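For reference, the structure discussed in these notes is given below.
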Protein chains: 2
Amino acid sequence: MSSSLAATDTTGVPPGLDEEASSLRLAVMRFSRRLRAERAVDTMSDGQIAVLGWLRLNGPHTLGELAERERVSAPSMNRTVNCLEEWGYITRTPDDIDRRKVNIALSDAGREVITETARLRDAWLEASLSEFTPAERVILAQAAALLSRIAER
Amino acid sequence: MSSSLAATDTTGVPPGLDEEASSLRLAVMRFSRRLRAERAVDTMSDGQIAVLGWLRLNGPHTLGELAERERVSAPSMNRTVNCLEEWGYITRTPDDIDRRKVNIALSDAGREVITETARLRDAWLEASLSEFTPAERVILAQAAALLSRIAER
DNA sequence: TATTGTTATACTCTATAACTATA
DNA sequence: TATAGTTATAGAGTATAACAATA
């Protein structure tokens, strides 16, 4: 493959980029599978949690916006939202201006449950982070921002 | 919630650990979903790719070992392996010593396809990485190592 | 009797296609 | 005619329970 050190040449694509991508992909996929395995303590799916978390931080959105945000189809997001509505965690309100649209917002119960659920799902991760040095945790925090940026390309 | 700056106190659990865990979890899950969405160019699932990749790097393993490694049930792994066998990507060989066990190994076709598949799946990620600065890529490489360490706890 | 692998069955999440209503 | 949301249906992937073969 390619060399790994003394990469002062930044003209073209730097050497080792294929291996960087591969190791990052493997690490993230392994980590996400591990994280998913820890979720057994609650009954909500990743997609449901992602939606509630997004609504909590960014306010009401339409179904199409949520589907695009989570990169799933509209019917798939609709099913997720149906569950959340049935459980009383979100509300649907037809848009005043464009009556085709439906505004989806977090309910009080939803706000409670996303906070508590996130806490439960983070327990394992927090325990792991607490064993890292401050410097390592800074790296992970910076990486989180970079990963988010990549995901939103 | 907790404050965000001037965290010079490292005596106990540092402040903001819950938020660090949460943002890292959200970023990784979002990133992994995005990465999964890019896989449409081929027809193999994450689980299948993970098995072939593991066999390539670590040699033949039994069904139970693969199931434990990927943290899925034995029937689920059996189904994955059935597909891979049907496609000619792995071989099953009864163990000589313990006849209950079956050794699962990569075939030549499997070795080819895992190399090519990984290349395809990395294409999008490589394109993303190439737009980052060297410093940012260093952070991601370090984070990959840390995430792997967490995942294997 | 315990363990390894397998089969039977059901549930969840996902997608595409078709339908309704609004613009 | 185009768009936002929804419903119908089917395809993967996962799990638990039950079974067969071997130790």
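Fair warning: this is a prediction, and the values are worked out from it, not measured in the lab. In what follows, chains carry the letters A, B, and so on, assigned in the order in which the sequence lines appear, proteins first and then strands, with residues in each chain numbered from 1.
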Rounded distance in Å - [atom1] ([X]) to [atom2] ([N]):
{"X": "A:Glu86", "N": "C:dT12", "atom1": "CD", "atom2": "P", "answer": "11 Å"}
{"X": "A:Lys101", "N": "D:dA2", "atom1": "NZ", "atom2": "C1'", "answer": "13 Å"}
{"X": "A:Glu65", "N": "D:dA4", "atom1": "CD", "atom2": "C1'", "answer": "11 Å"}
{"X": "A:Met77", "N": "D:dA4", "atom1": "CE", "atom2": "P", "answer": "15 Å"}
{"X": "A:Asn103", "N": "D:dA4", "atom1": "CG", "atom2": "P", "answer": "13 Å"}

TODO: Report yes if some heavy atom in the side chain of A:Leu106 is under 4.5 Å from a heavy atom in the side chain of A:Tyr89; otherwise report no.
DONE: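 No; the side chains remain at least 4.5 Å from each other.
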Open item on the list: Determine whether a donor-acceptor pair (one donor, one acceptor, N or O, separation below 3.5 Å) exists between the side chain of A:Arg79 and the base of C:dT14.
Closed with: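 Flag set: donor-acceptor pair detected.
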Task: Nearest-nucleotide pick for A:Leu63, side chain only, options being C:dA15, D:dT6, C:dG5 - done: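 The nucleotide sitting nearest to the side chain is D:dT6.
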Open item on the list: Can a side-chain donor-acceptor contact be found between B:Thr115 and B:Arg56 if the only test is distance below 3.5 angstrom?
Closed with: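 There is such a pair between these side chains.
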Open item on the list: Could you check whether any side-chain N or O of B:Glu70 sits under 3.5 Å from a backbone N or O of B:Ala67, counting only pairs where one atom can act as donor and the other as acceptor?
Closed with: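 Checked: no pair found.
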Task: Donor-acceptor contact below 3.5 Å, side chain B:Glu68 vs main chain B:Glu65 - done: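 A pair under 3.5 Å: no.
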Give every pair of a protein N or O atom and an N or O atom of nucleotides 16-23 of chain D that lie under 3.5 Å apart, one pair per line with the distance.
| from | atom 1 | to | atom 2 | distance (Å) |
| --- | --- | --- | --- | --- |
| D:dA23 | OP1 | B:Arg99 | N | 3.0 |

- [ ] Look at A:Asn78 and D:dT6 and indicate whether a side-chain polar atom (N or O) is within less than 4.0 Å of OP1 or OP2.
- [x]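 It does, given that an N or O in the side chain of A:Asn78 lies less than 4.0 Å from OP1 or OP2 of D:dT6.
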Open item on the list: Side-chain N or O of A:Thr62 versus OP1/OP2 of D:dA4: is the shortest distance under 4.0 Å?
Closed with: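 False: A:Thr62 side-chain N/O out of range (4.0 Å or more) of D:dA4 OP1/OP2.
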